[in-house]
Undergrad: 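Questions regarding the structure given below will be posed in turn.
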Amino acid sequence: TAWKVPYVIFLLFHIVLSTSAAIFGVITLFLAFSQRFAAHRKWGRVTAAFWLATAVTGVVVYLLLYIVFPGGHTGSLPNAVINR
């Protein structure tokens, strides 16, 4: 459909954003546990912004996937691989 390409682009954006947020979260936690609080505060601001953007795009992905364009029956991975 016409929505497939914009959806996939948006989904990839969400995936990159969420992966970055996870990496920033680990860095932020490491800085806190190593008691480098000035750096922790700086990274924390960036991490919080990424996390908030990820949360918003995650809700949009969910709405698009399950509410706006609900899919049909899904099968198992082996059946999808052998195209049944």
Side-chain angles (χ1 to χ4, degrees):
T1 67
W3 286 96
K4 185 176 182 178
V5 172
Y7 171 73
V8 170
I9 291 170
F10 186 77
L11 181 62
L12 289 174
F13 173 72
H14 170 72
I15 291 169
V16 169
L17 197 64
S18 63
T19 303
S20 301
I23 293 168
F24 288 160
V26 170
I27 292 170
T28 303
L29 287 172
F30 173 77
L31 291 170
F33 287 129
S34 61
Q35 298 183 354
R36 295 167 51 193
F37 297 118
H40 167 76
R41 279 189 292 274
K42 290 179 184 178
W43 279 92
R45 289 184 187 106
V46 174
T47 303
F50 269 71
W51 180 86
L52 182 62
T54 299
V56 171
T57 59
V59 170
V60 173
V61 166
Y62 172 81
L63 291 173
L64 288 172
L65 190 58
Y66 294 106
I67 307 299
V68 177
F69 301 109
H73 172 72
T74 49
S76 67
L77 180 62
N79 286 340
V81 170
I82 61 174
N83 203 14
R84 275 205 253 162

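Quantities reported herein were computed from a predicted structural model and do not represent experimental measurements.
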Undergrad: I'd like to know whether CZ of Phe13 has more than 12 heavy-atom contacts from other residues, nucleotides or ligands below 6.0 angstrom.
TA: no
Undergrad: Would you say CZ of Phe30 has more than 12 non-hydrogen atoms from neighbouring residues, nucleotides or ligands within 6.0 angstrom?
TA: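 Counting other residues, nucleotides and ligands, CZ of Phe30 stays at 12 neighbours or fewer.
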Undergrad: When rounded to the nearest 0.5 angstrom, what distance separates OG1 in Thr57 from CG in Leu64?
TA: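 Those atoms lie 11.0 Å apart.
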Undergrad: Could you tell me the separation between the CG atom of Leu11 and the CD1 atom of Ile15, rounded to the nearest 0.5 Å?
TA: 4.0 Å
Undergrad: To the nearest 0.5 angstrom, please state how far the CD1 atom of Ile9 sits from the NZ atom of Lys4.
TA: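 One gets 12.0 Å once the value is rounded to the nearest 0.5 Å.
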Undergrad: Nearest 0.5 Å, what's the OH-CD1 distance between Tyr62 and Ile67?
TA: 4.5 Å
Undergrad: Look at the side-chain heavy atoms of Ile, Leu, Val, Met, Phe, Trp and Tyr, link any pair under 4.5 Å apart, and say whether Val59 and Leu17 land in one connected group.
TA: no
Undergrad: Show me the donor-acceptor pairs, under 3.5 Å and distance only, between side chains in residues 38-56 and residues at least two apart or in other chains.
TA:
from  : atom 1 : to    : atom 2 : distance (Å)
His40 : ND1    : Thr28 : O      : 2.9
Thr47 : OG1    : Phe24 : O      : 3.3
Thr47 : OG1    : Thr28 : OG1    : 2.8
Thr47 : OG1    : Trp43 : O      : 2.7
Thr54 : OG1    : Phe50 : O      : 2.8

Undergrad: Are any of the side-chain heavy atoms of Leu65 and Tyr7 separated by less than 4.5 Å?
TA: yes
Undergrad: Hey, could you give me the CZ/CG distance between Phe33 and Leu29, rounded to the nearest 0.5 Å?
TA: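 Reported to 0.5 Å precision, the distance equals 5.5 Å.
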Undergrad: Transitive ILVMFWY cluster of Val16 at side-chain heavy atoms under 4.5 Å: who else is in it?
TA: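 Val16 shares its hydrophobic cluster with no other residue.
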